[in-house]
Structure formats: structure tokens, C-alpha cells
Amino acid sequence: MMQLNRRSFFTAGAMASAMAVMPAPTTHAVTLPDPEKKARLRLSCQEGVAPGKSLAEKLDFMEKLGFEGIEPGGGGLARRVEEFQKALSGRNIKISAICAGFNGVLISEKEESRNQAVSSMKDIMTAAGALGSTGLIMVPAFNGQTKLGHQESREILIKLLTELAEHAAQNKTRFLLEPLNRGECHFLRQVGDGAAICRDVEQSLKKSKGAEANCGGVGLMGDFWHMTWEETSDLAAFLSAEKYLHHVHIASRKRRSMPGEDAGDNYVSGFKGLKLIGYQDFISLECGSQGNKKETIPAAVKLIREQWDMA
Ligand code: MG
């Protein structure tokens, strides 16, 4: 009974209750405004996921399939800036996000570990900015990495992210919080909660820098793999992330393999959400593969493009 399209949707609950009590069913349409810019599908692939013996081989493979982004790890990135600049010059591929690679734990109970996290994240962000990256993907703490309670962790996180957001904005990049499934991280599981943390960091920046504070360093990502276990609606998750969403990871939904390698792999609801918010950033492969990646990656690209068009 539920109709769903880009412009409006009817809530299933409203439909069901209306139908139960009224002879002629009525619905309540929610009309969402058009996004400022039309969403674009820009595919990215993690450096380690692309097949090839060298960076150039990986880029050649990706370019043939129409990938527009590559996602390197953050470890040692400062030493690789020139390597990437050279490898990408003259190609239609840019650096998308930078995947972690920092030391320390941002919300550790140990001050030394927190400081290590802040300083290594700043170093990676400086390199990320030089490479024109959308941001540094980061997890505040994996399960077992902090003894602090949730409330205290959250207060410390807002304080440290405020400092990191300032550094990121100065370097024209951002931090990207990544919500993970409960098996990896209880502290931050849902995209909407990550967006609420971003909002709090913005408020904290405005409190210290005034209403005109540069909040461009604040951001969030969603990973379809983790969202499979934690979200009730991919569409609603991305809607709640709205302006803070600046990166997406994608994998098959049962084994974290190539999209399409698990029966029923479906991203249409999430893609509808991305279209509704006018998403401009990358969707990046973060996954293994059951088969030969020279065959499974092209198949994944085809499936993603078909489901994007369907959304
Ligand atoms: Mg991920």
C-alpha cells in the first residue's frame, strides 16, 4: 500500500489507522522541498579494494569503469601527498575520503591517548586538505577502547571535535564520524545520532567563535554495511543526516562482499534518501569479494547504477 517516490511519501501507519476506522481512506502526504542541487552518483573505491599491483594499475582499472574517487587509508598519508598528486594528474579521479589511520582513541579515559588521537588526526587532515579530500573518516572509540561512560564520552567528544573541526576547516576538509554496528562500537551506531553530534559540535563552535563560525569542518558518513544492522530505514537515516552527510560506504548486505554478491542486495531506499538531500559526495566500495574482483567490481558498478536510477 505504501507509495514512495522522490517528492512525497505516505506514512504506512497513517494509512493503516485511517483504513481501520474510516470507510473512505485518507492519507497525509508529506511533501519535501527539492534539494538545492540535484544529487549525483559519484563512485569511489578504497585503494586496497581496487585490483592492481601499483597505484597506477588500480587507477587505470577504476577509470575504465567510470569511478570518480579513490579512498586511501590515513596511515602515512602525509608522506604520500606528492605520490597521489602525480598519480591523479590528468585523470578523472579525485581523492574521496581518507579512511582512518590515526593513533590513539578520541574518547579514551587516558588523556595521553586522547591527545595522540587529536594530534594524529590533525596531521592526516592537513594532508587530506592538500589532496582536496572531503574528509577524514573517524570512529570515536571501538568497543573496549574506553572505560568512560556514555555521558562523559559524549562531552569529551564534543570538546575535541570542536577543536578538530576548526583545524579541518582551516585546511578545507572535515572530520567524518562513522557510525558502526553494535558489534564494533556501541557508542555510535546510528547515522541520526552521528548527525546530532555534528549539530552539537556546530553549536559549540558558534558558542566559542560567534554566529559566523566556520562550520565546514563538521561532517558524517553512512556505511550501508553497518546500517543493515542498525537502521530501520536507510532513507530516514540519510534524511536525518542531511547537510552533515559527506561520504557513504557500500558493501553487500550479508557478507560485506561486493554489492550484488549477496542475494537481495538492495540500496534503493538509501539512494532515495541521498536524492532527497541532494547528495554531492562519493559512494565508496569498502568490501571484500567472493569472486574475481576484475569481474565482481564491474558487476557491482552495474547494480549500483541500476538501483540509483530506480530510486
Ligand atoms: Mg565503513
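Start at 1 and go down the list; that is how both ligands and their atoms are numbered.
No other N/O/S atom of His249 lies as close to the Mg ion (ligand 1) as ND1 does. Closest N/O/S atom of Asp223 to the Mg ion (ligand 1): OD2. Shortest distance from the Mg ion (ligand 1) to Glu178 is reached at OE2 (N/O/S atoms only). Its N, O or S atom nearest to the Mg ion (ligand 1) is what matters here, and for Glu286 that atom is OE1.
Asn181 has its side chain out of reach of Thr228: every pair of non-hydrogen atoms, C-beta onward, lies at least 4.5 Å apart.
Donor-acceptor pairing under 3.5 Å is recorded for the side chains of Ser257 and Gln290.
If you look at Phe282 and Phe67, their ring centroids are not closer than 6.0 Å.
Residue Ile283 holds its CD1 atom at 12.0 Å from CZ of Arg40, rounded to the nearest 0.5 Å.
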